[in-house]
K.L.:
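Here you go, one structure.
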Amino acid sequence: MIFRRKEMETAKMNIYQRMLNATAKINKVAKNLKVDVTKTTSYKAVAEADVLEAVKPIEEECGIYSFPVARKIIKDEILEAVSSWEGKETRKQTQFLRIETIYRFVNVDNP
């Protein structure tokens, strides 16, 4: 395998140096996801797909591989919104999950 000078320098970096390099390159991820709580209440959030799209190419460029090693459900509940219109009551249920995920980051040149 033939490395260019920059690739050779990157290959010598430890995982912390690679993570610092990746952090400097990752831009702010826009809140493109709109979450409707009720008909009149909503908030913006960051979708997982948007985070992966922003992070994975930079991880690859920096020689980092990340993957989830554990997940734990912190909160799991059904939220119910009730609305009325012209004497009719409508109920809408939404599942809410708060999940804790632990990721492992690996230096691909020196796992």
K.L.:
Mind checking whether V69 and M19 sit in one hydrophobic cluster, side chains of I, L, V, M, F, W, Y counted as touching below 4.5 Å?
P.N.:
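No.
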K.L.:
Test of understanding: with ring-ring contact (aromatic ring centres under 6.0 Å, His included), list the residues that count as partners of Y103, not counting sequence neighbours.
P.N.:
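Checked Y103 against ring-ring contact (aromatic ring centres under 6.0 Å, His included); zero matches.
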K.L.:
Going by the rule side-chain hydrogen bond (donor to acceptor under 3.5 Å, both in side chains), which residues pair with T41 if we only count those two or more places apart in sequence or in a different chain?
P.N.:
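Applying side-chain hydrogen bond (donor to acceptor under 3.5 Å, both in side chains) to T41 gives T38.
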K.L.:
Considering only residues two or more places apart or on different chains, which pairs with a residue in residues 83-95 satisfy salt bridge (charged side-chain N to carboxylate O under 4.0 Å, His left out)?
P.N.:
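Pairs touching residues 83-95 that pass the test: E80-R91, E89-R91.
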K.L.:
Test of understanding: with ring-ring contact (aromatic ring centres under 6.0 Å, His included), list the residues that count as partners of Y65, not counting sequence neighbours.
P.N.:
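Result, ring-ring contact (aromatic ring centres under 6.0 Å, His included) vs Y65: F67.
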K.L.:
Could you see if I102 belongs to whatever hydrophobic cluster contains V106? Use Ile, Leu, Val, Met, Phe, Trp, Tyr and a side-chain cutoff under 4.5 Å.
P.N.:
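Linked within one cluster.
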K.L.:
Measuring from I74:CD1 to E100:CD, what's the distance to the nearest 0.5 Å?
P.N.:
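It is 4.5 Å, given to the nearest 0.5 Å.
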K.L.:
According to side-chain contact (heavy atoms from CB on, under 4.5 Å), who are the partners of K34, at least two apart in sequence or on a separate chain?
P.N.:
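K34 satisfies side-chain contact (heavy atoms from CB on, under 4.5 Å) with D36, S42 once adjacent residues are dropped.
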K.L.:
Could you check whether any side-chain N or O of R18 sits under 3.5 Å from a backbone N or O of G63, counting only pairs where one atom can act as donor and the other as acceptor?
P.N.:
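Indeed, once roles are kept as given, a pair shorter than 3.5 Å links the two residues.
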K.L.:
Tell me the ring pair (Phe, Tyr, Trp, His ring centres under 6.0 Å) pairs involving residues 71-92, sequence neighbours left out?
P.N.:
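Ring pair (Phe, Tyr, Trp, His ring centres under 6.0 Å) check on residues 71-92 returns no pairs.
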K.L.:
Check side-chain contact (heavy atoms from CB on, under 4.5 Å) between D76 and all other residues, then give those that pass, not counting sequence neighbours.
P.N.:
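Applying side-chain contact (heavy atoms from CB on, under 4.5 Å) to D76 gives I73, Q95, L97.
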K.L.:
Grab the two heavy atoms, one from I64 and one from F105, that are nearest each other, plus how far apart they are.
P.N.:
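Heavy atoms of I64 and F105 come nearest at CG2-CD2, 4.0 Å.
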K.L.:
With sequence neighbours excluded, what pairs up with Q17 under the side-chain contact (heavy atoms from CB on, under 4.5 Å) test?
P.N.:
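Listed in chain order: M13, N14.
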K.L.:
Name the atoms and distances for all side-chain donor-acceptor pairs under 3.5 Å in residues 44-57, with sequence neighbours left out.
P.N.:
from	atom 1	to	atom 2	distance (Å)
K56	NZ	E59	OE1	3.1
K56	NZ	S66	O	3.0
K56	NZ	S66	OG	2.9

